[in-house]
Amino acid sequence: MTSPNPPHSASHALGWLLAVPALLGTLITLVLPTGQTIWLSFQRGGVLRESTYAGTANYAELLGGGEFWRAVGFTLSLTLIPLLVAVVVGPLLALALDRAGTWPRRAARIALSLAVVTFSPVGVAAAWTRGLMPNASGVVTLADGLREATTAPGTLRLIVAAATFGVVCALALVAYLPVLRGGTPGPALLAVGALLALGVVAVGLQAFSFGMVLTRGGPQRATETLAGLSYDYAFRMAEFGPGAAVAALTWALLAVLGVAATIVAVAFRLRITLTPREAAADASSWASHDKAPSPYGVSSGAAAQLPASPYGEAYGQPAAGPYGVFSATGQDAPASPYVTGGAELLPAGPAKAVAGAGHASSAVPVRRAAGPVAVAAGVTALVVVAAVALLCAWPWIDGALASPRSPAGTLRAQVNTWVPALAGAVVSVGVAYLAALGIGGLRPLGRRSEWLLLVFAPWLFAGTGVLGVANWQNTRNLGLVDTFPALIPPVLVSVPALLVLTLLCKGLAERTDRDFFGGVFLPSLPMAGILTGAVTLVNAHDLLWPLLVAQQPELFTAPVAQVNQLSSYAARTPDVGAGTPLLVVAVALAALVAAQLLYLDRLAITAKDGGQGSPSPAPAA
């Protein structure tokens, strides 16, 4: 049951306790390596010669020369087209599908899920190398522009844009559709758009795989990225100082973006909630509004027995209001359409408590059939985006179908790829989930609890690359280089998962009429599983960290084995599909489709009060 009073001190203490593992994990695997990276950036030397203190000489050379700034400019330029896709194509597609109804929206979720589970940066880049072969034909011949220094930067930008179009659209759709189901979408749409924009820029700043596979920074360093520049200094020239200086400057940029994103999420009071199953169900059997399910768990016929509404209608039936339809809860239904099952859902906000009923907030669906124009527009938008995504992915599809057998596709390489990736994801998301339950669910600082996320914010977007120099040195000092445990990503807490889960636990805690276990923990558990799968995919397709810690072929992951194959003079055709074996794709696709239809399609994102009424007290632990 929901406590009528604010959480007791025991709940506050439990909230702090649940956050402790994340705080310790952040200190050990994020804060200390960051400090170590900064310290290394003030030194000269590294592996081949003794390190000596150099003061700010490394920074003076980097900031005073043109190499670093050229790398910054080119790296940022790689994000321009994906950024436009995320903030323009994504919301327009989501709006069209939201108005079109259930089956177009769910068809889009299913279709674009394939772009997520098949996206392998190294595999896609390897597919484009086929355009450099003498007998190349079709769109893949665009890669021929990588041969010249004058055309290579523009060519690589187009390849990155084409390679990421499908996955960016898919992730943007996952983010924007819940916003359009959240009541008053304006503020939330701005906030989510800002978060996506910051995320795209942050990911682009750490781009490594495409440049490493296609150009290695050339010709004439025309396509050098920040991650590539740091890798060249630290591990090709064995100069840890300049490599660490590039990494430290990159982390500083990422820290600014992470803090800005966290402030946006907290200042807009973003929250994620789950709509009732009835609201997400198919409404094709609803012949009229008076047969809609009642928010109080009774049939529409029994709703007439409930106390009369002050607006002259029984609970469970609509009445006239200032906007033409008044919800059964006593609140006006927002005018924005929410479509499901070929019908529009107008969320009326949380139900007002009925004396003696003991019910808290829930959404009251008021539906009307989606028009044929809206359905046609949604289907057309989906077809156009799917066609463009298919065209952009064709080099990878064609390459995967023609892939020869290679060491990159062996069982050993797949075990090296997926087992450490899954282990790292389970630990990092698990620790983040505990902290999210404490911060978002039990709220140890009350309404100000989300500001605790600022402690983790500088590492919200930081990947393994910016801390690679320090983590490699620590791994070598522990004697773990060229061992299987070293393949596990050296991160104990996933900060992006922490942010998402905290917003979800916050929304569930504010809107539930159940206890903490039933109202927050159980409803948020599927999201923790979904994020674990997402982090597993990211870990498995990472190239930089396993490239640093595994020099023995029997420890190569699939991406490293693919790069090794491309570096071999004997290689004729790259094994494009090694990073996305059929079994893994089938399992991941089935899991993601189930998550999309059964869980993600029920999410709603709101900002500030978002038309959802005042928050309920946090559930008692």
Side-chain angles (χ1 to χ4, degrees), residues 1-28 30-31 258-259 261-274 350 353 358-361 427-460 492-528 531 605-610 612-621:
M1 296 296 294
T2 303
S3 171
N5 301 314
H8 299 295
S9 58
S11 297
H12 289 165
L14 181 58
W16 285 112
L17 183 63
L18 291 175
V20 167
L23 292 171
L24 291 177
T26 300
L27 175 65
I28 295 170
L30 295 175
V31 177
V259 171
T262 304
I263 290 176
V264 167
V266 177
F268 275 81
R269 285 181 261 169
L270 285 183
R271 58 176 67 84
I272 306 173
T273 57
L274 275 174
H359 289 279
S361 58
V427 172
S428 62
V429 177
V431 172
Y433 184 39
L434 291 178
L437 290 172
I439 297 173
L442 294 174
R443 310 182 63 72
L445 294 181
R447 295 175 62 91
R448 298 183 297 275
S449 295
E450 294 78 39
W451 290 105
L452 289 173
L453 294 173
L454 284 176
V455 175
F456 308 92
W459 298 273
L460 175 63
L492 291 179
V493 54
S494 172
V495 182
L498 172 60
L499 176 64
V500 173
L501 289 168
T502 298
L503 298 181
L504 176 60
C505 291
K506 171 190 176 182
L508 294 172
E510 289 180 348
R511 295 175 61 86
T512 186
D513 62 340
R514 306 172 66 182
D515 59 17
F516 179 78
F517 182 81
V520 177
F521 175 74
L522 289 181
S524 62
L525 190 59
M527 178 61 84
L531 292 174
I605 299 178
T606 61
K608 299 187 183 297
D609 288 337
Q612 303 300 315
S614 302
S616 303

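Keep in mind that what you see is a predicted model, and the values were worked out from it rather than measured.
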Between L18 and P21, the two heavy atoms sitting closest are O-CD, 3.4 Å

Between the CG atom in L434 and the CD1 atom in I439, the distance rounded to the nearest 0.5 Å is 11.0 Å

task = State, yes or no, whether a side-chain contact exists between L460 and T262 at a heavy-atom distance under 4.5 Å.
result = yes

Note, V495 side chain near L30 side chain (heavy atom, < 4.5 Å) = yes

In L23, V266, L445, the residue satisfying side chain to side chain contact (heavy atoms under 4.5 Å, CB included) with L452 is L445

The reported gap from CH2 in W16 to OG in S449 (rounded to nearest 0.5 angstrom) is 7.5 Å

Tightest non-hydrogen contact, residues G441 and C505, listed as N-CB, 3.7 Å

Minimal heavy-atom distance between V493 and G25, with the atoms involved, is CG1-C, 4.0 Å

**Message:** Between L454 and I263, is there a side-chain heavy-atom distance shorter than 4.5 Å?
**Reply:** yes

Output for pair (L270 CG, L504 CG), nearest 0.5 Å, gives 12.5 Å

Q | Whether R443 side chain and H12 backbone form a donor-acceptor pair below 3.5 Å | A | no

Next item on the list: Carefully, step by step, assess T26 and V455 under the rule side-chain contact (heavy atoms from CB on, under 4.5 Å).
Entry: CA-CA 9 Å; T26 300; V455 175; 5.7 Å; no

In this structure, CG of L274 is separated from CE of M527 (nearest 0.5 Å) by 7.5 Å

Checklist entry - Any side-chain heavy-atom pair from L525 and Y433 closer than 4.5 angstrom? => result yes

A side-chain contact here means heavy atoms from C-beta on lying under 4.5 Å apart; do L437 and L442 qualify?
no

On a heavy-atom basis, the closest approach of A435 and L498 is CB-CD1, 3.6 Å

For G518 and P523, the nearest pair of non-hydrogen atoms, with its separation, is O-CD, 3.4 Å

Practice prompt. Determine, step by step, whether W459 and V31 satisfy the side-chain contact (heavy atoms from CB on, under 4.5 Å) criterion, reporting the C-alpha distance in whole Å, the side-chain angles of both residues, the deciding distance to 0.1 Å, and the verdict.
Written response: CA-CA 9 Å; W459 298 273; V31 177; 3.5 Å; yes

For G438 and P444, the nearest pair of non-hydrogen atoms, with its separation, is O-CD, 3.1 Å

Item to check | Test item: S524 and L508 side chains (from C-beta on) under 4.5 Å apart, heavy atoms | outcome: yes

Rounding to 0.5 Å, atoms CD1 (I272) and CD1 (I605) come to a distance of 5.0 Å

